[in-house]
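All remarks here apply to the structure that follows.
Model, not experiment: these values are computed from the prediction.
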Amino acid sequence: MTAPSSAAGRPDGTDRHDGPDRPGISGRPDGIDATDGFPPPRPAYDIHTWKEIAHLLLNLPTTVFGFVYAITVLSVGGGLAVTVVGLPLLALSLLGARQLGKLERARARALLGVRVEEPSPLPLARGGGLLQRAWMALKDPVGWRTLLYDVIRLPWGILTFCTVLTSLFVLWPLLPYLARGLANVDRAMVRALLSPSDELERRIAELESDRGVVVDTAAADLRRIERDLHDGAQARLVNLAMGLGLAKEKLLEDPDTAAEMVAEAHGEVKLALQELRDLARGIHPAVLTDRGLDAALSSVAARCTVPVKVTVDLADRPAAAIEGIAYFTVSELLQNVSKHSAARSASVDVWRTADRLLIQVQDDGRGGAGLEGGTGMRGLADRLGAVDGLFVVDSPVGGPTEVTAELPWRDREK
């Protein structure tokens, strides 16, 4: 039997007699044997520092190009502004400046790690004629800010290029700190002049979304009206015409049958008129136009299957569009109370606070209402959002339910 080796006494396979006084693995805190030479070389600068240095060295050619472009288009376009070609040339130059800004944002993302959102594109396809598109480009704040960025950065580009190039040979131990400080100034310039306005971009996105909601809602309303006319009043009027034609043929041969057919036609006329009245009320009720929200909401409340208390505290009437949205919002909510709430009572309160119209509908039903699942509540929220309104539902399971709607107040035109 052979004796165990000395290395077997430790789990890492090293000799148990190794110590600080003996060159070995356990004698160095970094695990490097002193007899094996120096540690492997490592780069003095990390990848982020080299990216910043590259960005600062590229500042000179990019800023020179941008400065020449900006000065040229401003001088030529401004000088020719009194002629026919001056303003269109300046408009095209601003569109070109947008592309320069896009390249600068891409360079900042790649080398400086600055995440700057791209501004919304100009809606030139919807701009109408050539003059309208040119005027839209001339008013573009993104293009003007890019030209300002290109003009003021020329001395900065020269300074950063010379500083970094000199430091590569003379001050290289301090270069990482210099590069970081200069790059931070570049980051601040990019964020200040090349980033879109967060509030403006958010508002534009909201308006575009709201416009889509309005268009979709209007198209859905038109389809509903067309379907109601086609399936309701139109069908009854067709039957009425056919019945009257048959009655005319029977008038001489069988007067009694003709009289019965005329009576049936008279009943069809009454039903058709009632359907047309209901359809017209769904588009815009006459009582709302003539007497305002108080009378119109009281009429809606009278048709609800539960008792409803209506309180309208308005000194003046709002604009017709706001008044109509308020009416249909309350009408839809009271229909939900009748169909789904199992409530014993409900209330409607309408009042004005500063420049907002407030609506609150409450019931003591079973609750559980919400905006999820594409329900009618979701449609109401979208409709109010399209006019810069708010829609809040507080409906815990078991009740009660409280729905608050807020609309912008606009005075009614006299």
> Taking side chain as C-beta onward, heavy atoms only, is Leu333 less than 4.5 Å from Val337?
Replying inline: no

>> Just so I know, are the side chains of Leu193 and Ile152 near enough to count as touching, which here means a heavy-atom distance under 4.5 Å?
In response: yes

>> What I'd like to find out is whether the side chain of His55 reaches to under 4.5 Å of the side chain of Leu58, using heavy atoms alone.
In response: no

> Considering residues at least two apart in sequence or located in another chain, which fulfil the salt bridge (charged side-chain N to carboxylate O under 4.0 Å, His left out) criterion with Glu406?
Replying inline: Arg356

> Are Val164 and Leu178 side-chain neighbours, meaning at least one heavy-atom pair lies under 4.5 Å?
Replying inline: no

>> Suppose we screen for salt bridge (charged side-chain N to carboxylate O under 4.0 Å, His left out). Which residues come up paired with Asp150, at least two apart in sequence or across chains?
In response: none

> Nearest 0.5 Å, what's the CG-CZ distance between Leu147 and Phe67?
Replying inline: 12.0 Å

> When rounded to the nearest 0.5 angstrom, what distance separates OH in Tyr177 from OG in Ser167?
Replying inline: 13.5 Å

> Between CG of Leu56 and CZ of Phe161, what distance do you get to the nearest 0.5 Å?
Replying inline: 11.0 Å

> For Pro318 and Leu357, which heavy atoms make the closest approach, and how far apart are they?
Replying inline: CG-CD2, 4.5 Å

>> Could you tell me if the side chain of Val306 sits less than 4.5 Å from the side chain of Asp363, heavy atoms only?
In response: no

> From Leu95 CG over to Leu90 CG, what is the distance, rounded to the nearest 0.5 angstrom?
Replying inline: 10.0 Å

> Below 4.5 Å, heavy atoms only, C-beta onward: do Leu94 and Trp144 meet side chain to side chain?
Replying inline: yes

>> Main chain of Gly368, side chain of Ser395: is a donor-acceptor contact present, judged purely on distance under 3.5 Å?
In response: yes

> Is it true that a side-chain atom of Arg303 and a backbone atom of Gln335 form a donor plus acceptor pair closer than 3.5 Å?
Replying inline: no

> Should we count CZ of Arg291 as having more than 12 external heavy atoms under 6.0 Å?
Replying inline: no

> Are any non-hydrogen side-chain atoms of Thr311 and Trp351 less than 4.5 angstrom apart?
Replying inline: no

> Is there any salt bridge (charged side-chain N to carboxylate O under 4.0 Å, His left out) pair reaching into residues 134-143, and which pairs are they, with sequence neighbours excluded?
Replying inline: Arg98-Asp140

> From Thr163 OG1 over to Ile158 CD1, what is the distance, rounded to the nearest 0.5 angstrom?
Replying inline: 11.0 Å

>> When you measure from the side chain of Arg105 to the backbone of Leu194, do you find a donor-acceptor pair of N or O atoms at a distance under 3.5 Å?
In response: yes

>> The criterion is salt bridge (charged side-chain N to carboxylate O under 4.0 Å, His left out); which residues satisfy it with Arg317, sequence neighbours excluded?
In response: Glu323

>> Taking side chain to side chain donor-acceptor pair (under 3.5 Å) as the definition, give me every residue that meets it alongside Thr160, ordered by chain and number, with sequence neighbours left out.
In response: Asn59

>> Quick check for you: to the nearest 0.5 Å, what is the distance between Leu100 atom CG and Thr146 atom OG1?
In response: 7.5 Å

> Any idea which heavy atoms bring Val68 and Thr72 closest together, and the distance?
Replying inline: O-OG1, 2.6 Å

> Under the side-chain contact (heavy atoms from CB on, under 4.5 Å) criterion, do Val403 and Phe391 qualify, and how do the steps go?
Replying inline: CA-CA 7 Å; Val403 180; Phe391 189 80; 3.5 Å; yes

> Got a sec, which residues hit salt bridge (charged side-chain N to carboxylate O under 4.0 Å, His left out) with Arg180, two or more places apart in sequence or on another chain?
Replying inline: Glu52

>> Can a donor-acceptor pair be found, under 3.5 Å and without considering hydrogens, that links the side chain of Arg410 to the backbone of Ile322?
In response: no

> Is it true that a side-chain atom of Tyr69 and a backbone atom of Ser93 form a donor plus acceptor pair closer than 3.5 Å?
Replying inline: yes

> Taking Asp186 as the fixed residue, which of Arg153, Arg107, Lys51 is the one that meets the salt bridge (charged side-chain N to carboxylate O under 4.0 Å, His left out) rule?
Replying inline: Arg153

>> I'd like to check Glu104 versus Thr62 (side-chain heavy atoms, cut-off strictly below 4.5 Å). Are they in contact?
In response: yes

>> Tell me the closest heavy-atom pair linking Ala301 and Val310, and the distance in Å.
In response: CB-CG2, 3.6 Å

>> So for atom CH2, which belongs to Trp409, do other residues, nucleotides or ligands contribute more than 12 heavy atoms lying within a distance under 6.0 Å?
In response: yes

> Any idea which heavy atoms bring Trp172 and Pro176 closest together, and the distance?
Replying inline: O-CD, 3.7 Å

> Passes side-chain contact (heavy atoms from CB on, under 4.5 Å), Val348 versus Val308? Steps please.
Replying inline: CA-CA 7 Å; Val348 176; Val308 181; 3.9 Å; yes

> Closest approach of Leu112 and Ala183, non-hydrogen atoms and distance?
Replying inline: CD2-CB, 3.8 Å

> Under the 3.5 angstrom rule, does the side chain of Asp364 hit a backbone N or O of Arg344 as a donor-acceptor pair?
Replying inline: yes

> Where is the tightest heavy-atom contact between Gly143 and Ala97, given as atom of each residue plus distance?
Replying inline: O-CB, 3.8 Å

